[in-house]
Amino acid sequence: MVYVKICGLSEPEHVATAVEAGADAIGFVMTRSPRRITPERAAELAAAVPAHVLSVGVFRGEDPETVRAAALASGVRAIQLHGRHPHGDFTALKDLGLRLIRAVDAEADLRCGAYDEDLLLVDAPHAGSGLPWDWAAVRGRPSGQWLLAGGLTPANVTEAIAAAGPWGVDVSSGVETSPGVKDSALIRDFLRAVRDAG
């Protein structure tokens with residue numbers, strides 16, 4: 001069964017839809033993005049996420065102290081550091097006891113655990129663009145538990161899984177009607193497509 005993370009949620013109805021449709025993880029963006037929410041808002045949403053679904057705080061470029069404060073305030077159960085964060089950033093957060101996710105492009109070290117992370121996410125060269133990329137180029141390269149991201153939609157996720165062979169997938173803009181605006185029907189369609197594929 002392919003692991004599914006629905007990222008960039010900001011409304012209770014979409015959190016509920018993702019949980020009901022079978023998402024394994026839900027991401028809350030607390031960094032510069034059209035999907036950005038405050039740690040306080042993330043806390044409200046995370047409170048509705050059941051224990052079997054991983055709640056993830058997403059950060060990009062913030063220092064470990066800022067990430068730590070936001071993660072603790074929001075009550076998420078995992079931290080995702082996006083981009084070329086140094087190994088020390090992961091080490092500095094390890095004592096929180098939260099799952100750590102390292103999100104990088106295909107040119108980075110693709111060994112899951114190389115930076116003491118628990119999960120690896122391999123994203124498009126231009127993260128957040130919503131554009132498909134050469135998913136097949138990473139097939140067989142990442143090791144361990146890794147998620148494919150970048151340009152995935154309900155219409156192409158089956159193709160992407162076949163091309164890259166990931167352990168899991170991550171979607172954000174592919175289940176939106178406009179930047180930052182999620183759509184419950186698209187969330188359900190995405191999860192149905194992944195389940196049908198795997």
H126 versus D105, side-chain donor and acceptor atoms under 3.5 Å:
no
Within a reach of under 6.0 Å around CZ of R32, are more than 12 heavy atoms found that belong to other residues, nucleotides or ligands?
no
Hey, is R68 close enough to D63 for a salt bridge, meaning N to O under 4.0 Å?
no
Determine yes or no for a side-chain-to-main-chain donor-acceptor pair under 3.5 angstrom, with E62 supplying the side chain and R60 the backbone.
yes
Side chain of W135, backbone of G150: donor and acceptor closer than 3.5 Å?
yes
Checking S55 side chain against A46 main chain: does a donor-acceptor pair fall under 3.5 Å?
no
Evaluate T177 against K182 for side-chain hydrogen bond (donor to acceptor under 3.5 Å, both in side chains), listing each step before the verdict.
CA-CA 6 Å; T177 53; K182 292 292 188 284; over 6 Å; no
Donor-acceptor contact below 3.5 Å, side chain H85 vs main chain G61:
yes
Got a donor-acceptor contact below 3.5 angstrom from the N156 side chain to the E159 backbone?
no
For a side-chain hydrogen bond (donor to acceptor under 3.5 Å, both in side chains) check, start with the C-alpha distance between R35 and S10, then their side-chain angles and the critical distance, and finish with the verdict.
CA-CA 7 Å; R35 300 160 190 90; S10 59; over 6 Å; no
So does V169 get a backbone contact from the side chain of W146, meaning a donor-acceptor N/O pair under 3.5 Å?
no
Polar side-chain atom of S74 near backbone of A70 as donor-acceptor pair, under 3.5 Å:
yes
With distance as the sole test, does D170 use its side chain to make a donor-acceptor pair with the main-chain N or O of L148 at under 3.5 Å?
no
Donor-acceptor pair, S178 side chain versus V181 backbone, under 3.5 Å?
no
Is it true that R102 and D123 make a salt bridge, defined as a side-chain N closer than 4.0 Å to a carboxylate O?
no
Side chain D89, main chain P64, donor-acceptor under 3.5 Å:
no
